[in-house]
K.L.:
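Quick one: the structure is below, questions incoming.
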Amino acid sequence: MKKLKTTVLIIGGGATGTGLLRDLALRGIDALLVEQKDIAHGASSRFHGLLHSGARYAVKDPNAAKECIEENLILKKIAPSCVEETGGYFVELASDDPEFTSKWLAGCQEAGIKVEEIDPKGFKNKYPFLTSEIRRVFTVPDGTIDGFRLAWANVWQAKEFGGKYLTYHQVVGFEQQNGRLTAAKLRSTLTGEEVVVEFSLAVNAAGAWASKVAELAGVKVGVLQNKGTLIAFNHRLFTGVVNRLRPPSDGDIWVPHHTITILGTTSVNVESPEDLKPTAQEVERLLTIGRELIPDVDNYRMLRAFAGIRPLYLGNNANAQDSRSISRDFVIIDHEKNDGLKGLISLVGGKLTTYRLMAEKTGDYITRMFGIGNPCKTAELPLTPEAKVNLENRIVRRYFVRASRIKDRLDNIKEEKQILCECEGITVAELKEVASWEDTHNLEDLRRKTRLGMGTCQGLNCAYKSLMAAFSELRQKPQSPINQLKEFLSHRYSGQKPVLFGEALREAELTAGLYGCNFGLFGGTANE
């Protein structure tokens, strides 16, 4: 059995965990992050991609509103390659409560969020497909953010400063002596190999899985697992984020994200963090609400639906079920103070926009525990290079410190300039280089790092070509090529299933026919 040793073990590879890894590495503290699957496979990539200005919380959660606008400005400064400064709109319809607008304006002013009212006619002229019921429109400093890029940027910079990480390793138990956790037992979810990691302190940053990790240590963390379903449309309907000006509810945010637009979200409490299947009923609810703003929304092509789990900390509201009433604030739970168990703290709640602040506060807490004074540097040190949104800088924006090797391949290997994923403009050079990284194991990992198969065709035209180009480069190949292809397409199909009508149905049938006839998948006859 393999044995490792670290000062701080971070459990969870979402924005929270990777942000903490970066924070501790910059402070010079030895830290190892472990993640049961790939980095950012959970809530940090399964959201609408909105970098909150805080305006959404200005009425009901003023503390969250202040944190959001402060972190919004910091992330735009330190991580420009992860952020698109789209700006945002809050739109009041004739059916909305004007008194709420007054409260919202006061809340934004109190939180320090810059708001400007614009001419609703001009807004309607810019977006003629919107309802004529628009009464007032305000601009706010919303933006969009790429959760995959953000999490990997944190990991890569942490690695430069000595931080370590293990993906596809699940915590399956803990060892303890005299009331203190001393080690974690891990199991590789790819090979089954077991690893023991000795530590001085473990940080439970497992998001929706935080309760399950706490249970392994014999303590309780109250987290409400709240599923939010979203719809991806096949092109950008808006240049900026569009919010409904009313109390936060379902289906009131439209976010332009890369080449698509995302409408979300719903709010349904679920029993398991693995309960990620969007339903046709949830899609219909989003469309019903979406018609209030875009009356002919049914005529726009939907690519897929997807869902993420919000890990909402219950605190003293242990029986709360109304997810909209639970604060989006975060807490640091010291299990020595709460449960008499030394060597474990839990970091729960919060949201992606405030992930850096969560890491900073936790880093401060840890340095006090260890009696050292290393200050936080994450708000000042650039996380990613600044690169404008254009083709020349596309590689730098996507891969940051790892961009140079891809640019070398593009400059020196003519054959690798070929585009494999036309929807997202991904070249053979990108696929081969990313596939060769030690933390890339399959097509799904390639998708998260490159956006392979996330555009209009949803893998129809690029999945088999990408596998042919990349499979030989993969260092670990726990799955056969055909099983990799099947799993990739199955994940794509799981999101297409709730929206299978019109163009989406025709495309799904074409995909099934192509891969069934040529590869024997989905009941096809290629092997007969």
Side-chain angles (χ1 to χ4, degrees), residues 10-21 33-50 52 56-57 61 63-64 67-68 71 145 147-148 150-151 154 170-171 202-217 219-230 248 264-278 306-335 338 344-359 361-362:
I10 302 167
I11 303 167
T16 305
T18 59
L20 181 59
L21 181 68
L33 180 149
V34 295
E35 163 55 51
Q36 62 178 333
K37 296 181 182 176
D38 190 24
I39 295 293
H41 77 91
S44 297
S45 61
R46 292 178 164 275
F47 73 122
H48 39 45
L50 172 58
H52 283 283
R56 182 170 173 81
Y57 306 112
D61 204 340
N63 187 52
E67 289 177 349
C68 280
E71 291 302 305
I145 190 164
F148 296 124
L150 182 72
N154 279 283
Q170 182 180 21
V171 175
V203 180
N204 174 12
W209 288 265
S211 295
K212 293 186 178 295
V213 171
E215 287 175 10
L216 292 174
V219 296
K220 290 185 178 179
V221 171
V223 173
L224 182 67
Q225 294 149 349
N226 182 255
K227 184 180 76 168
T229 291
L230 308 101
T265 65
T266 59
S267 177
V268 178
N269 298 333
V270 295
E271 295 295 324
S272 168
E274 305 285 351
D275 188 357
L276 289 168
K277 289 184 179 178
F306 63 99
I309 302 294
R310 304 179 186 91
L312 303 176
Y313 179 59
L314 288 169
N316 295 326
N317 300 314
N319 297 317
Q321 293 297 305
D322 178 8
S323 64
R324 302 284 185 194
S325 69
I326 300 174
S327 171
R328 267 47 175 172
D329 210 347
F330 61 90
V331 296
I332 300 169
I333 304 169
D334 187 333
H335 291 287
N338 278 28
L344 177 68
I345 63 176
S346 292
L347 176 58
V348 292
K351 62 186 71 60
L352 188 133
T353 298
T354 58
Y355 90 96
R356 192 213 59 84
L357 178 64
M358 296 167 68
K361 297 299 184 185
T362 309

K.L.:
Locate the shortest heavy-atom distance separating His41 from Arg46; write the atom from each residue and the value.
P.N.:
O-NE, 3.6 Å
K.L.:
Can you tell me if Ser45 uses its side chain to pair, donor with acceptor, with the backbone of Ala40 under 3.5 Å?
P.N.:
yes
K.L.:
Out of curiosity, Thr362 OG1 to Leu347 CG, how far, rounded to the nearest 0.5 Å?
P.N.:
4.0 Å
K.L.:
Which value, rounded to the nearest 0.5 Å, describes the distance between Lys227 atom NZ and Thr265 atom OG1?
P.N.:
11.5 Å
K.L.:
For Ala208 and Ile309, work out which heavy atoms get closest and say how close.
P.N.:
CB-CG2, 3.6 Å
K.L.:
How many angstroms lie between OG1 in Thr229 and CG in Leu276, if you round to the nearest 0.5 Å?
P.N.:
9.0 Å
K.L.:
Looking only at heavy atoms, which two atoms of Val171 and Leu216 are closest? And how far apart?
P.N.:
O-CD1, 3.4 Å
K.L.:
Any side-chain to backbone donor/acceptor pair from Ser44 onto Ala15? Under 3.5 Å, distance only.
P.N.:
yes
K.L.:
Under 6.0 Å from the ring centre and within 45 degrees of the ring axis: does the NZ or CZ of Lys351 meet both conditions for the six-membered ring of Phe47?
P.N.:
no
K.L.:
State the NE2-CG distance between His335 and Leu344, to the nearest 0.5 angstrom.
P.N.:
4.5 Å
K.L.:
Ignoring hydrogens and geometry, is there a side-chain-to-backbone donor-acceptor pair from Thr353 to His52 under 3.5 Å?
P.N.:
yes
K.L.:
Taking C-beta and beyond as the side chain, do Leu33 and Ile39 meet within less than 4.5 Å on heavy atoms?
P.N.:
yes
K.L.:
Identify the heavy atoms of Ile145 and Leu150 that sit nearest to each other, and give their distance.
P.N.:
CD1-CD2, 3.9 Å
K.L.:
Return the CD to OG1 distance between Glu35 and Thr18, rounded to the nearest 0.5 Å.
P.N.:
10.0 Å
K.L.:
Measure across Thr266 and Arg310 and return the closest heavy-atom pair with its distance rounded to 0.1 Å.
P.N.:
O-NH2, 3.0 Å
K.L.:
Tell me which one of Val221, Asn338, Val213, Val223 satisfies side chain to side chain contact (heavy atoms under 4.5 Å, CB included) with Ser346.
P.N.:
Val221
K.L.:
Pick from Pro311, Pro273, Ser272: which one makes a side chain to side chain contact (heavy atoms under 4.5 Å, CB included) with Trp209?
P.N.:
Pro273
K.L.:
What heavy-atom pair brings Gly19 and Asn154 nearest, and what distance separates the two atoms?
P.N.:
CA-OD1, 3.8 Å
K.L.:
Kindly compute the distance separating NZ (Lys220) from CD1 (Ile333), expressed to the nearest 0.5 Å.
P.N.:
13.5 Å
